[in-house]
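Since we're looking at a predicted model, the values are computed, not measured.
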Amino acid sequence: MIRYLIKNNMKLMMRSFTNILLVIIMPIILIALLSSAFNDMMETYKGKNGLEAGYKIEGDKVQPEMIEAMKKAAQDSGITFYEYYNRKPEDVIRSDKRSAFIVFKDDSYVVYQNGNMKEQAKIVEYFIGAFNERMQAAASDTAASQSDVTVEHPEYMANISSQDYYGIIEIVYFGWCAIVVGAGVFASEKKYRIGKKLQVSNLSGIQLYLAKFVPMVAVVFAGLLISAGLSIVMFGVHWGNPLLSILIIFISAAASTALGLMVYFIFDNLVVTIISVFSFVWFAGFVGGSFETYMYSSHPASLKVLSPIYHINRALVELSCMGHSDYVDNAVIYGVIITIVCSAAAVLASALRKRGKA
């Protein structure tokens, strides 16, 4: 019986093919628009203009080895740091025309930006943030105090083009709009009252849920793969570690589908579901770098990590430009947790509704 429902739901989705085009064509359109619009900014990120920034140390705990490692890593990326002692950051930025100025303290740092060089300043700020994350990770991994950490030249975000960046993250973004793919199924159930008929069947709540979940994930995942293929052919987007990238996209498709179904099973209203899911996806995408690149955004890190899209974006982008990423585990874990929790909530909501109508 469940096989028949899965097959039937798959057919209903294919009949509403225009909904499926959302996850195939819309990312391609935005890739073309955004990659062109932000091409100059991403080219600046590559360090071709020779970024220059100043810094000074105001803490006794800041290690000289850490500063040297930072300067070496920055130099490899076209960023040159100059040390200052008694001058104010504002004066250095204004008179020496530095893009940014960093003040290192014992347990923190402050970034001063040049208002006339905002793009370059954001590049420096991102570099410092990424460097700091690496240093904290090194300290955590060795379970040692800051003074005991052996400083190496940590890696951070490598060069990436606007085509590669937006060619990846827009596909992820529209994958989280998976609920529209199932609109044909939901509309058909409402029209012919199929839901009420299934409630009196011998199928369990889990089986009824899987009858929607499985075909939706399959269709969304296939649509994302087609869109990714088009991005390669049309824009030359580079996907790093294809098998791992495909796995992350699949888990992302499963998580987005589970989220959409949970909201639908709770409200039992397609319009409310689409508005709710799209609102969440827009906010998660806004924070996670779907519109403004996450390396340039001014959102605090504590807010970014709350967005599952941020972890997925960063994992896939870093796989593309570096071949590896510390965020792969986060992306997989977030996706699996969302899938399990939302699926359980959807089944529970369906059971409660069925009991209330019994």
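- A donor-acceptor contact shorter than 3.5 Å is absent between the side chain of Asp96 and the backbone of Arg98.
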Inset, instruction - Would you please test Tyr173 and Met26 for side-chain contact (heavy atoms from CB on, under 4.5 Å) and show each step? - result: CA-CA 10 Å; Tyr173 178 77; Met26 287 304 295; over 6 Å; no

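- The heavy-atom pair separating Cys177 from Leu22 by the smallest distance is CB-CD2, 4.2 Å.
- Follow the hydrophobic side-chain contacts under 4.5 Å out from Ile206 and you never reach Val341; the two are in separate clusters.
- Considering only heavy atoms from C-beta on, Tyr264 stays 4.5 Å or farther from Asn269 through its side chain.
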Inset, instruction - Evaluate side-chain contact (heavy atoms from CB on, under 4.5 Å) for Tyr334 paired with Asp329, printing each intermediate quantity in order. - result: CA-CA 8 Å; Tyr334 263 62; Asp329 291 343; over 6 Å; no

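- You'll find the side chain of Lys56 stays beyond 4.5 Å of the side chain of Phe104, heavy atoms only.
- Between Tyr327 and His311, the ring-plane angle classifies as tilted under the 30° and 60° cut-offs.
- Hydrophobic side-chain contacts under 4.5 Å tie Ile275 into a cluster, directly or through other members, with Val271.
- Using modelled atom types, no side-chain atom of Asn241 and backbone atom of Gly323 make a donor-acceptor pair closer than 3.5 Å.
- For Phe286, the side chain to side chain contact (heavy atoms under 4.5 Å, CB included) criterion is met by Trp282, Phe291, His299, not counting sequence neighbours.
- With contacts defined as side-chain heavy-atom distances shorter than 4.5 Å, the pair Val263/Ile179 does not qualify.
- Between Ser162 and Leu34 the shortest side-chain heavy-atom distance does not fall below 4.5 Å.
- Relative ring orientation between Phe127 and Phe81 is described as tilted, the plane-to-plane angle lying within the 30° to 60° band.
- A salt bridge does not link Arg314 with Asp326: every distance from a Lys NZ or Arg NE/NH1/NH2 to an Asp or Glu carboxylate oxygen is 4.0 Å or more.
- Placement of Phe213 and Ile340 within a single hydrophobic cluster is found when ILVMFWY residues are connected by side-chain heavy-atom separations under 4.5 Å, directly or transitively.
- Between Trp176 and Phe280, the ring planes lie tilted relative to each other; the angle falls in the 30° to 60° range.
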Inset, instruction - Any chance you could lay out the side-chain contact (heavy atoms from CB on, under 4.5 Å) test for Trp239 and Ser231, step after step, and finish with the verdict? - result: CA-CA 10 Å; Trp239 291 81; Ser231 73; 3.5 Å; yes

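- Listed by chain and residue number, Pro27, Ile28, Ile171 satisfy the side chain to side chain contact (heavy atoms under 4.5 Å, CB included) test with Ser227 (two or more places apart in sequence, or in another chain).
- In this structure, Ser320 contributes its side chain and His238 its backbone to a donor-acceptor pair below 3.5 Å.
- For Tyr109, there are no side chain to side chain donor-acceptor pair (under 3.5 Å) partners, not counting sequence neighbours.
- Under the 3.5 Å distance criterion, the side-chain polar atoms of Ser252 are left unmatched by any main-chain donor or acceptor of Ile248.
- In the model, Ser350 has no side-chain atom that pairs as donor or acceptor with a side-chain atom of Tyr209 under 3.5 Å.
- Every residue meeting the side chain to side chain contact (heavy atoms under 4.5 Å, CB included) condition with Ile24, not counting sequence neighbours, appears here in chain and number order: Ile20, Ile226, Leu230.
- The cluster map of Ile, Leu, Val, Met, Phe, Trp and Tyr, joined by side-chain heavy atoms under 4.5 Å apart, puts Ile333 and Leu316 in different clusters.
- Using a distance-only test at 3.5 Å, with no hydrogens or angles considered, no donor-acceptor pair links the side chain of Asp91 to the main chain of Arg87.
- Counted by atom type alone, Ser188 and Arg15 present zero donor-acceptor pairs between their side chains at under 3.5 Å.
- In this structure, the separation between OG on Ser99 and CD on Glu125 is 11.0 Å, given to the nearest 0.5 Å.
- No continuous path of hydrophobic side-chain contacts links Val62 to Val110 [ILVMFWY only; heavy atoms under 4.5 Å].
- More than 12 heavy-atom neighbours from other residues, nucleotides or ligands sit within 6.0 angstrom of CD1 on Ile246.
- Among all heavy-atom pairs drawn from Ile338 and Pro308, the shortest one is CD1-CB, 3.7 Å.
- Taking the six-membered ring where the residue is Trp, the centroids of Tyr55 and Tyr82 are separated by 6.0 Å or more.
- With hydrogens and angles disregarded, a donor-acceptor distance shorter than 3.5 Å links the side chain of Ser256 to the backbone of Ala253.
- No side-chain heavy atom of Ser290 sits under 4.5 Å from any side-chain heavy atom of Val172.
- The hydrophobic cluster containing Ile93 does not contain Ile57, counting ILVMFWY residues as joined when their side-chain heavy atoms lie under 4.5 angstrom apart, directly or transitively.
- Here the closest non-hydrogen pair linking Ala183 and Asn19 is CB-ND2, 3.8 Å.
- Around atom CZ of Phe250, no more than 12 heavy atoms belonging to other residues, nucleotides or ligands sit under 6.0 Å away.
- Looking at residues two or more places apart in sequence or on another chain, you find a side chain to side chain contact (heavy atoms under 4.5 Å, CB included) between Ala345 and Met262.
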